[in-house]
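Keep in mind that what you see is a predicted model, and the values were worked out from it rather than measured. Every chain is numbered from 1, with letters handed out A, B, ... down the list of sequences.
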2 protein chains.
Amino acid sequence: MTGSTVPVTAADETRPLRRDAQRNRERIIAAAHEVFATRGFAATLDDVAHHAGVGVGTVYRRFPTKEELVAAVFADRMQDVVALAERALATESAWDGLILLLTESVRMQARDRGLRDLLLTVDKSNLPALKGRVPELATAVIERARAEGTLRPDFEPTDLPMIFTMLSEVARTCGDIRPDAYERYLTLIIDGLRAGSARGDLGAPLTISCVQDALTKCVPPLEPRRR
Amino acid sequence: MTGSTVPVTAADETRPLRRDAQRNRERIIAAAHEVFATRGFAATLDDVAHHAGVGVGTVYRRFPTKEELVAAVFADRMQDVVALAERALATESAWDGLILLLTESVRMQARDRGLRDLLLTVDKSNLPALKGRVPELATAVIERARAEGTLRPDFEPTDLPMIFTMLSEVARTCGDIRPDAYERYLTLIIDGLRAGSARGDLGAPLTISCVQDALTKCVPPLEPRRR
DNA sequence: GTCAAGTTGAGGAATCACCTCCACTTGGAT
DNA sequence: ATCCAAGTGGAGGTGATTCCTCAACTTGAC
C-alpha cells in the first residue's frame with residue numbers, strides 16, 4: 001500500500017529516475033528495512049549499502065541523510081500502526097482495544113527495531129510527522145479504557161512509551177534466542193494494569209517533557225555527532 | 001565494613017604501598033565509585049583518572065584492568081546486597097520479603113548504575129564471585145513467596161534479572177529528571193505479581209542460559225574489544 | 001643523599017562512522 | 001550507432017573515541 005512507483009518526498013520537480021537507478025533505490029529501501037529491523041537507527045548507511053549490494057556513494061546520492069531513508073522505509077509500516085490504533089479505538093470493549101493496541105504494537109516493535117526507534121523518536125526533524133495521529137489515538141484508547149473502569153485510574157498516556165521502552169529492551173536482549181520473551185513481561189504488566197489489580201500507588205505521573213527527554217536517551221541519534 | 005586498609009586482591013607478596021600511593025589508590029576508588037555510579041561499566045579508566053585528579057598512568061599502574069578496579073570498588077556495596085537478601089529471606093511474610101528485595105535492590109541499582117552492571121554481569125572473569133550467595137538467596141526469596149501462595153505461581157527466578165533490566169532502563173533514561181520514575185513501573189509490576197492478579201498466561205519461562213545471553217547484551221563489556 | 005617506587009600526560013595505535021570524490025559505466029534520447 | 005547526462009562504486013580522508021605505554025620527572029622512606 002502507498003506503494004506509488006515514483007518519488008515520494010513531495011513536490012520536487014525532479015525528472016523520473018533512470019531505470020537502473022530506480023531499481024537500486026528499491027533495493028536500498030528493502031535492504032534498509034532489513035538492516036534497521038535488526039539494528040535500529042544505529043545501523044549505518046554503509047551497512048545498508050553493503051546489504052543492498054550497492055556502493056556507499058549510491059546510498060548517499062539517493063538518501064543524503066539517514067532521516068530521508070528512514071522516512072522512505074517506514075511510511076508504509078507507519079500506516080499499519082495508524083490502522084491498528086484506529087481498530088483499537090473502535091472495539092466494543094475499551095479494555096479489549098487497549099490490549100489489542102498493546103500486544104500488537106509491542107509485537108511489531110519487537111520484530112522491527114527500526115519501527116520501535118521511529119515510534120520512540122521525539123520531535124527532532126520531520127520524522128514525527130510520519131506518525132500522524134498515532135499519539136492522539138493511543139491517548140484516546142487509554143482514556144477510553146480508564147473511563148470504562150477496566151483500566152486502573154492512575155495509568156496515564158505518558159506511561160505507554162515507557163512501557164515500550166521496557167519491553168523493547170527485553171526484545172532486544174532476548175531477541176536472538178527467544179523472540180517472544182517480551183510477551184511474558186507484557187502479560188505481567190497487563191495483569192498489573194487492570195483496575196482490580198491496582199493496590200500499589202503509582203505516585204506522580206511522568207510529564208510529557210520528562211518522557212521526551214527519556215526517549216532521546218534510548219533512540220540512537222539520526223544525525224552524526226557534531227559537524 | 002570489609003574496609004581493610006591493605007591490598008584486597010588475595011595472596012600477593014607485595015610490600016605495602018608508599019603513603020602517597022595509598023592515598024591515590026583511595027582517591028581512585030572513590031572517584032571510580034562516582035563515575036561508575038553514573039556511567040556504569042561504560043566509564044573509561046581515563047574518566048576515573050580525571051575524576052580522581054591523578055594521571056591515567058597511575059590508574060593503570062594500580063588497576064591494570066577495569067575488572068580489578070570494579071572489584072575494589074564494589075566489594076563493600078555487594079555486602080549490602082547480600083545483607084538485604086538475607087533480610088528479605090528472614091521476614092515473617094514471604095511476600096513482604098519479596099517486596100523488600102525488589103524495592104530495595106532496584107533502588108540501589110537506580111542510584112548506582114555500576115552496581116546494576118555488576119549484578120547483571122554474567123560469569124565472565126571473577127566478578128560473579130563478588131556476588132556471593134546473592135543469586136541463591138534471591139531464588140529462595142522467590143520460591144518462598146510462591147510456596148506461600150501470595151506470588152503468582154508462574155513467576156520464576158529467571159524473571160528477576162529481566163525485571164532489573166526493564167526497570168534499570170527506566171532509571172537510566174529518566175534518571176536525570178525523575179530519579180524515582182522507576183518506582184512507578186515497579187509498582188505496576190508488583191501489582192501484576194500478586195497471585196490474585198494473575199489472569200494472563202505467562203507462557204514458558206526463560207531458561208537460565210537465555211537470560212545469561214540477554215544480560216551480556218545489556219552490560220558494557222569490561223575488556224576492550226579485540227587485542 | 002640516594003634511589004626505588006611512584007607519577008604524569010602527551011601521544012601512538014586501533015577502531016569506527018561519516019561522507020566525498022572522481023574515474024568509470026550505462027540508459028536512453030536522437 | 002553515437003553521445004553524454006545520469007548514475008555508480010568504493011578507496012580513502014576526516015574526525016571522534018578509547019585504550020594504554022613510556023620516558024622524563026617527582027617524592028617518600030631509609
Side-chain angles (χ1 to χ4, degrees), chain A residues 5-7 12-29 31-32 35-36 38-70 72 114 117 125 219-227, chain B residues 5-7 12-29 31-32 35-36 38-70 117 125 219-227:
Chain A
T5 45
V6 251
D12 35 345
E13 292 271 349
T14 58
R15 76 196 65 193
L17 292 175
R18 231 165 63 174
R19 189 131 34 82
D20 56 340
Q22 180 62 28
R23 185 176 42 79
N24 278 341
R25 186 175 189 281
E26 276 151 21
R27 272 193 195 169
I28 290 168
I29 291 180
V35 171
F36 284 145
T38 59
R39 301 232 288 131
F41 289 178
T44 70
L45 293 199
D46 290 48
D47 276 340
V48 172
H50 290 124
H51 238 76
V54 305
V56 264
T58 304
V59 173
Y60 279 97
R61 154 178 280 258
R62 208 53 67 205
F63 303 97
T65 69
K66 204 189 276 185
E67 188 184 318
E68 286 171 69
L69 180 54
V70 166
D117 283 354
S125 71
V219 179
L222 275 170
E223 280 121 37
R225 309 174 286 272
R226 218 121 341 117
R227 175 146 295 268
Chain B
T5 45
V6 250
D12 35 346
E13 292 271 349
T14 58
R15 76 195 68 191
L17 291 176
R18 232 165 64 174
R19 189 132 36 82
D20 57 339
Q22 180 62 27
R23 185 175 43 78
N24 278 342
R25 185 175 190 280
E26 275 151 21
R27 272 192 196 170
I28 290 168
I29 291 180
V35 171
F36 285 145
T38 58
R39 302 231 288 129
F41 290 178
T44 70
L45 294 197
D46 289 48
D47 277 340
V48 172
H50 289 124
H51 239 75
V54 305
V56 266
T58 304
V59 174
Y60 279 98
R61 154 177 279 258
R62 209 52 68 205
F63 302 97
T65 69
K66 205 189 277 185
E67 188 185 318
E68 288 172 68
L69 180 54
V70 165
D117 282 353
S125 72
V219 179
L222 275 170
E223 281 122 36
R225 311 173 283 274
R226 219 116 346 114
R227 175 147 295 268

A.B. asks: Taking Watson-Crick and G-U wobble pairs with both distances under 3.5 Å, convert DNA chain C into its dot-bracket string, 5' to 3', dots for unpaired and | for cross-strand pairs.
C.D. replies: ||||||||||||||||||||||||||||||
A.B. asks: Could you state the CG-C1' distance from A:Leu222 to C:dC19, rounded to the nearest angstrom?
C.D. replies: 16 Å
A.B. asks: How long is the span from the NE2 atom in B:His50 to the CG atom in B:Leu45, to the nearest 0.5 Å?
C.D. replies: 11.5 Å
A.B. asks: Step by step, work out the side-chain contact (heavy atoms from CB on, under 4.5 Å) result for B:Asp47 and B:Thr44.
C.D. replies: CA-CA 5 Å; B:Asp47 277 340; B:Thr44 70; 3.4 Å; yes
A.B. asks: Using side-chain heavy atoms (C-beta onward) and a distance below 4.5 Å, is A:Glu26 in contact with A:Gln22?
C.D. replies: yes
A.B. asks: From NE2 of A:His50 over to P of D:dT8, roughly how many Å is that when rounded to an integer?
C.D. replies: 16 Å
A.B. asks: In terms of the nearest nucleotide of DNA chain D, which residue is placed more toward the 5' end: A:Asn24 or B:Asp46?
C.D. replies: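 Comparing both residues, the 5'-ward one is A:Asn24.
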A.B. asks: One pair to check against side-chain contact (heavy atoms from CB on, under 4.5 Å): A:Arg62 and A:Thr58. What are the steps and the verdict?
C.D. replies: CA-CA 6 Å; A:Arg62 208 53 67 205; A:Thr58 304; 5.6 Å; no
A.B. asks: Expressed as a whole number of angstroms, how long is the span from B:Glu26:CD to C:dT7:P?
C.D. replies: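 Distance, rounded to whole Å: 12 Å.
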A.B. asks: Round to the nearest Å and state the distance from B:Arg23 atom CZ to D:dT27 atom P.
C.D. replies: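 It is 11 Å, rounded to the nearest whole Å.
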A.B. asks: Does a side-chain heavy-atom distance below 4.5 Å link B:Glu223 with B:Thr65?
C.D. replies: no
A.B. asks: Starting at atom CD1 of B:Ile28, determine the distance to atom C1' of C:dG6, rounded to an integer number of angstrom.
C.D. replies: 11 Å
A.B. asks: Could you measure the distance from the CG atom of A:Asp46 to the NE2 atom of A:His51? Nearest 0.5 Å is fine.
C.D. replies: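 Result: 13.5 Å between the selected atoms.
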A.B. asks: Can you tell me how far C1' of C:dT15 sits from CD of B:Glu223, to the nearest Å?
C.D. replies: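 That distance rounds to 17 Å.
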A.B. asks: How long is the line joining CG of B:Leu69 and P of D:dC19, in whole Å?
C.D. replies: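 Value for this atom pair: 12 Å.
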A.B. asks: Round to a whole Å and report the spacing from CG of B:Leu45 to C1' of C:dT7.
C.D. replies: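 So the two atoms are 16 Å apart, to the nearest Å.
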A.B. asks: May I ask you to verify if any side-chain N or O of A:Arg19 is less than 4.0 angstrom from the OP1 or OP2 atom of C:dG28?
C.D. replies: yes
A.B. asks: Heavy atoms within less than 4.0 Å of DNA chain D: which residues of residues 55-67 of chain A have one? Give them sorted by number.
C.D. replies: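 Residues of residues 55-67 of chain A under 4.0 Å from DNA chain D: A:Gly55, A:Val56, A:Gly57, A:Thr58, A:Arg61, A:Arg62.
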A.B. asks: Can you list the steps and then say if B:Phe63 with B:Val48 is a side-chain contact (heavy atoms from CB on, under 4.5 Å)?
C.D. replies: CA-CA 11 Å; B:Phe63 302 97; B:Val48 172; over 6 Å; no
A.B. asks: How long is the span from the CG atom in B:Asp117 to the CZ atom in B:Arg39, to the nearest 0.5 Å?
C.D. replies: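 It comes to 11.5 Å.
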A.B. asks: When you match B:Gly53 and A:Ala43 each to their closest nucleotide on DNA chain C, which lands nearer the 5' end?
C.D. replies: B:Gly53
A.B. asks: For residues A:Lys66 and A:Phe36, determine if any side-chain heavy atom of one lies less than 4.5 Å from a side-chain heavy atom of the other.
C.D. replies: yes
A.B. asks: I want to confirm an ordering. Mapping B:Arg18 and B:Arg39 to their closest nucleotides on DNA chain D, which one lands closer to the 5' end?
C.D. replies: B:Arg39
